[in-house]
A.B. asks: 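One structure follows; several queries about it will come next.
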Amino acid sequence: MPKTLRLILGDQLNSAHSWLQHTNDEATYLMLEIMQEQEYVMHNVQKILAFFGAMRNFAHHLTKAGHRVIYLNLDDQGNEQDLEKNIKKIIKKEKIELFEYQLPDEYRLDEQLKDICKGLNINTGVADTEHFLTERMEVHDFFGGKKRYLMENFYRHMRSKNHILMHGDEPEGDRWNFDADNRNKYDGKVPLQDALRFDHDVSSLKKMIDKMGVKYFGGFDEEHLPWPLSRQEALKVLEYFCEHLLPHFGTYEDAMLQEHSSLFHSRISFAQNVKLISPAEIVGKVISHYQSNKNKISLAQVEGYIRQVIGWREFMRGVYWAHMPGYDQKNFFGHKTEIPHWFWDGKTKMNCLNKCITQSLDEAWAHHIQRLMVIGNFALLAGIDPDHVDAWYLGIYIDAIQWVEVTNTRGMSQFADGGIVGSKPYVASAAYINKMSDHCKHCHYNYKARHGEKACPFNSLYWNFFDRNADKLEKNPRIGMAYVTLKKMKPDEKEKTMLQAETYLNNLNEL
Ligand code: SF4
């Protein structure tokens, strides 16, 4: 083997990778904390510290296993703070003959590494990350050039292909999808359990990023970072989820409670997205736990979770690679409104948004309905520029890496792709938020009113959204009912509703 430098990015912490199964005197592993990655968007401080904490643990694990590692801390004197400059400098210093990297999951880094390799005068190579269940272009090939991708078709293909929850060719329980059983409000019938949280003291890392002038937002107790930062901790999160949360996960998957942020969600997405744990391991463990506990756990709980891991997650990655570059520029509705300032501090009288945004700032995490049906729903109804919405989501959440963020935000939540990911925009009035949460009963606004002094903004904005986008949406067969209702609305009622929406749209910062 020639003298080889192997780059491991901050979201490639996969200790099961074939590179790492044997030590080799000729291989050096390179890991970098660089300003470049802190500056492409402003991040939540927890996200920065969790990445650095997990990367340092991983480097320590590699060294302990006998691998040769070069790890540059953000404040190391010789750190050039730029991927290309650091790689070139180390290749020269170490007299490297071959440079290798693993396929990045972000288009931005993929392009940069291809460019870097073109400028090196040594051989280069690229390896798969060995993490996902699908190849980058598998979703693209599966849909064979179709304009709209239907996740359900891909999900069934994944179930069959990987023999997950199958009896021969048929789905276990004779149904592919238990989605209809996953839409309950929390009714207090089963006790709530908190997700497993850790207690990492990251105060010295925090001092380092402050010294280096890293810009960030969000705040938290830096002696108690709750996220899993090692493989062992990721496995504990999974074990805890199966034991305590999985039995009710599916039933309350879409429910929201203002005093309990995670209900029965696993909060394993950070560990999964930095590859401390693989989707195959998660699926294997969840199914084996279900099989040994069928008296306690129903199929609907398990299927709902498996659908997220082998369905949505792989599907979104496939959409990303099928449509990049360009997907991150899509703006189907031409929305141009500035993001309201209260997205950065949660200070709005709308209780659902106040609670979901404050939680996102404080915990760097929210579950999918909080992200999709409260925050994203409002952003879409209010016509916020998807560039602003993307930057906010990409920065704020602990698990946000562009491949998964942009497809969920710009695609599913904002319908800015015009319907590649979703067959219709995910918008709802206050009735949905009231049905799925306890936010409305504590709110300044009246969830039942469309217009009037304290009318809930979601209501008039909902009808205004359909009215102003009739040319783009009216013919969509999945939306027909909204336009039937809008047409039946009495002229006086419609006028008052549209006037109310206009007032709100002109005063978004005051809501
Ligand atoms: Fe949100 Fe409207 Fe309910 Fe208030 S009334 S919590 S703004 S949906």
A.B. asks: Do Arg317 and Trp403 meet the cation-pi criteria used here (NZ or CZ under 6.0 Å from the six-membered ring centre, within 45° of the axis)?
C.D. replies: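 No, Arg317 does not lie over the aromatic ring of Trp403.
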A.B. asks: I'd like to know if the side chain of Gln402 pairs up with that of Asp390 as donor and acceptor (distance under 3.5 Å, no hydrogens or angles considered).
C.D. replies: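 No, Asp390 and Gln402 have no side-chain donor paired with an acceptor closer than 3.5 Å.
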A.B. asks: Can the ring centres of Tyr155 and Phe315 be said to be less than 6.0 Å apart?
C.D. replies: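 That pair fails the under 6.0 Å test.
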A.B. asks: Check this for me: does any side-chain nitrogen of one of Arg231 and Glu281 sit under 4.0 Å from a carboxylate oxygen of the other?
C.D. replies: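 Answer for the salt bridge query: yes.
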A.B. asks: Give the intermediate values and the outcome of side-chain contact (heavy atoms from CB on, under 4.5 Å) for residues Tyr40 and Leu394.
C.D. replies: CA-CA 10 Å; Tyr40 69 89; Leu394 188 56; 3.9 Å; yes
A.B. asks: State the OG1-CD distance between Thr358 and Glu363, to the nearest 0.5 angstrom.
C.D. replies: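 Answer for the OG1-CD pair, Thr358 versus Glu363, is 10.5 Å.
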A.B. asks: Pick from Leu49, Val202, Asp75: which one makes a side-chain contact (heavy atoms from CB on, under 4.5 Å) with Met208?
C.D. replies: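 Per the side-chain contact (heavy atoms from CB on, under 4.5 Å) rule, the option paired with Met208 is Asp75, out of Leu49, Val202, Asp75.
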A.B. asks: Answer yes if the ring centres of Tyr216 and His43 are under 6.0 angstrom apart, and no otherwise.
C.D. replies: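 Here the rings of His43 and Tyr216 have centres that are no less than 6.0 Å from each other.
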A.B. asks: Does atom CD (Glu111) have a neighbourhood of more than 12 heavy atoms from anything else shown, all under 6.0 Å?
C.D. replies: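 Buried by this count: over 12 neighbours within 6.0 Å.
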A.B. asks: Is it true that the NZ or CZ of Arg56 lies under 6.0 Å from the centre of Tyr71's six-membered ring and within 45 degrees of the ring axis?
C.D. replies: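 Judged by the rule, Arg56 and Tyr71 form no cation-pi pair.
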A.B. asks: When Asn79 is tested against each of Asn86, Asn73, Leu32 for side-chain contact (heavy atoms from CB on, under 4.5 Å), which residue passes?
C.D. replies: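 Considering Asn86, Asn73, Leu32, a side-chain contact (heavy atoms from CB on, under 4.5 Å) with Asn79 is found only for Asn86.
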A.B. asks: Looking at His323 versus Tyr149, is the centre-to-centre ring distance below 6.0 Å?
C.D. replies: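 So the answer is yes for these two rings.
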A.B. asks: What pairs with Asn469 under side-chain hydrogen bond (donor to acceptor under 3.5 Å, both in side chains), at least two apart in sequence or on another chain?
C.D. replies: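 Checked Asn469 against side-chain hydrogen bond (donor to acceptor under 3.5 Å, both in side chains); zero matches.
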A.B. asks: Report yes or no: is the cationic atom of Lys472 (NZ for Lys, CZ for Arg) closer than 6.0 Å to the six-membered ring centre of Phe332, at no more than 45° off its axis?
C.D. replies: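 Yes - Lys472 lies over the ring of Phe332, closer than 6.0 Å to its centre and within 45° of its axis.
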A.B. asks: Check whether the ring centres of Phe458 and Phe378 lie less than 6.0 Å apart, and answer yes or no.
C.D. replies: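 Centroid separation for Phe458 and Phe378: below 6.0 Å.
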A.B. asks: Looking only at atom types and distance, does a side-chain atom of His17 sit under 3.5 Å from a main-chain N or O of Trp19, one as donor and one as acceptor?
C.D. replies: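 The answer is yes, because a donor-acceptor pair under 3.5 Å joins these two groups.
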A.B. asks: Taking the six-membered ring where the residue is Trp, are the ring centres of Phe217 and Trp344 under 6.0 Å apart?
C.D. replies: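 Ring centres of Trp344 and Phe217 closer than 6.0 Å.
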A.B. asks: Are the aromatic ring centres of Phe270 and Tyr397 under 6.0 angstrom apart?
C.D. replies: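 When the ring centroids of Phe270 and Tyr397 are compared, they turn out to be at least 6.0 Å apart.
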